[in-house]
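Below you'll find the structure, written out as structure tokens, and then a few comments.
The chains referred to below are lettered A, B, ... by the order of the sequence lines, with proteins before strands, and numbering in each begins at 1. Below, all heavy atoms of this structure are taken into account, side chains as well, without hydrogens, waters or symmetry copies.
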Number of protein chains: 2
Amino acid sequence: MTFQRHTALDDRATQTDQNTMRILIADDHELLRDTLMLYIGNEPGMVAESVQDLDAAEARMAAGEEYDLVLLDFTMPGMDGLDGLRRIMGMSGDHRVAIISGTAQRDIAEEVLAAGAAGFLPKTLSAKSLVNALRFMALGEQYAPLDFMRASENDQQKHPLAKQLSQREFEVLEGLTQGKSNKEIARDLDIREPTVKLHVKTLYRKIGASNRTQAAMIAKEKGLF
Amino acid sequence: MTFQRHTALDDRATQTDQNTMRILIADDHELLRDTLMLYIGNEPGMVAESVQDLDAAEARMAAGEEYDLVLLDFTMPGMDGLDGLRRIMGMSGDHRVAIISGTAQRDIAEEVLAAGAAGFLPKTLSAKSLVNALRFMALGEQYAPLDFMRASENDQQKHPLAKQLSQREFEVLEGLTQGKSNKEIARDLDIREPTVKLHVKTLYRKIGASNRTQAAMIAKEKGLF
DNA sequence: ACACCACCTATCCGACCGGATAGGAGCTCT
DNA sequence: AGAGCTCCTATCCGGTCGGATAGGTGGTGT
């Protein structure tokens, strides 16, 4: 992997401030902050700063710092879902804000875009694609990776544990992890309670649980939901 | 920041294989893979390769590649909790394997270390600390960030949620997170079942749960245990 | 046509849970 | 000494859970 040419702008040291793109990265994963800043800093015409939570990002912006783009991690202290995004976007000034996330799925991405964010960037994106997306968004466009947005609604067929379960059992298990009663699950899925009980019982067998709390903990630890 | 040297091998042909540390990174976040490889490649005496899931890591190792250290992301296709770690560690050869994670809490870290891993690395670690940890682990030591592991060592003192609970309620809550029945908890703590029920009820009120599964999930998500 | 499977519904029962209520023992602080 | 706290025990009750059993529907593959 070499870095002789990143873009056509590479060797033009005449870069002016107006042409330099300022990016603020807010993410509680210091590892990513450090390495990503290094990567972006290596890109011509790009300068990145980083903070570790939403409050710090807000403080920077409130202090009058101007950024061409602000990247917010979706799961970071202070975010609280989309509230943090809305708070930053509601600040005075004309800010372009994008969400970056390692865990959020398509439904979250859609809500993010609907809320008016400049883009949604999963951490499964390559560094190169990310930089391209940054430039794209700085131009005023809205970005989200197409393959990510095309991902099927129920992409649990990948997970080994979920694979053993039928679709319904999976949905019931999701209810269990939310601490719902059989009655509530039945209402939510629009089926009868006895049916829920059946699914509960059979999924216990399949995943090796002996009660709903164990089932919920197993699902959680295996990384489902 | 320039990249005249990516690795010590780049311009120093005298570097011997014995002195170069080979690292395999398995993580489905390509963004982190790209940027972290760049960062590590910039460190003298370190070479990193990366793959995007557990199967690919397994294939590399099965193909006879030798690594001084293998980093596995905890939430990555094929991992399935600790199973993936055990699978890699059970492979023939003498491999040192560490877990890296952006979401796992202390309980997971302890299980990882108990399983014999070389270390546990949260992504909140700085890049510099990570590199230091890598060198440390390559020496045969076991690593985990102290502040992370102290996160709830004698839990009550630190955690705001646990602080509201009495000692007994806390112990009962621990039983709940293991999916135990009131009767089992009573036996383990050597108290009567009605007493357990009392503690259960009062701790529901304190943490805002309405049943044992919710209580367990709340405790888990808040990072207790 | 048949077996098979996932999914749905139903009933019965013993066990457990969640909530209320009512105490008593030991400790600390004022 | 009494107030206040935590921790312990106990009983009662309605509701829920866990497990077994029995059956019906619709789609798939042989």
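When rounded to the nearest whole Å, the span between CG of A/Leu176 and C1' of C/dC17 equals 16 Å. Put simply, CG on B/Leu198 is 11 Å from C1' on C/dG19, counting in whole angstrom units. Rounded to whole Å, the distance from CD on B/Glu184 to P on C/dA15 is 16 Å. Between B/Leu165 atom CG and D/dT6 atom C1' there is a gap of 13 Å when expressed in whole angstrom units. Rounded to an integer number of Å, the gap from A/Arg212 CZ to C/dC17 C1' is 11 Å. One can place CZ of A/Arg187 at 15 Å from P of C/dT9, the figure rounded to the nearest angstrom. Straight-line distance from the CD atom of B/Gln167 to the C1' atom of D/dC7: 12 Å, rounded to whole Å. Atom-to-atom, CD of A/Glu171 to P of C/dC8 comes out at 8 Å; the value is rounded to the nearest Å.
Look at B/Arg168 and you won't find any side-chain N or O under 4.0 angstrom from OP1 or OP2 of D/dT6. For D/dC8, the OP1/OP2 oxygens have a side-chain nitrogen or oxygen of B/His199 closer than 4.0 Å. Distances shorter than 4.0 Å separate some side-chain N or O of B/Thr195 from OP1 or OP2 on D/dT9. Residue B/Asn182 has a polar side-chain atom (N or O) positioned under 4.0 Å from OP1 or OP2 of C/dC17.
Of the listed nucleotides (D/dT9, C/dG19, C/dT9), D/dT9 has the atom at the smallest distance from the side chain of B/Arg192. The nucleotide whose nearest atom lies closest to any side-chain atom of B/Ser181 is, among C/dC8, D/dG19, C/dC17, C/dC17. When distances run from any side-chain atom of A/Lys201 to the nucleotides D/dC8, D/dA20, C/dT9, the shortest one goes to D/dA20. Set against C/dG18, C/dT11, D/dC8, the side chain of B/Val200 has C/dG18 as its closest nucleotide. Relative to the side chain of A/Tyr204, the nucleotides C/dC8, D/dG18, C/dC16 differ in distance, and D/dG18 lies closest.
Side-chain contact between B/Thr213 and A/Asn211 is absent, with no heavy atoms from C-beta onward closer than 4.5 Å. For the pair B/Val172 and B/Leu165, the minimum side-chain heavy-atom distance is 4.5 Å or more. Residues B/Met149 and B/Leu113 meet the side-chain proximity criterion, which asks for heavy atoms closer than 4.5 Å. Looking only at side-chain heavy atoms (C-beta outward), A/Ile108 and A/Ser101 stay at 4.5 Å or farther from each other.
Minimum interatomic distance between A/Met137 and A/Ala98 (heavy atoms only, all atoms of both residues): SD-CB, 3.8 Å.
Residue whose closest nucleotide on DNA chain D sits further toward the 5' end, between A/Lys197 and B/Lys206: B/Lys206.
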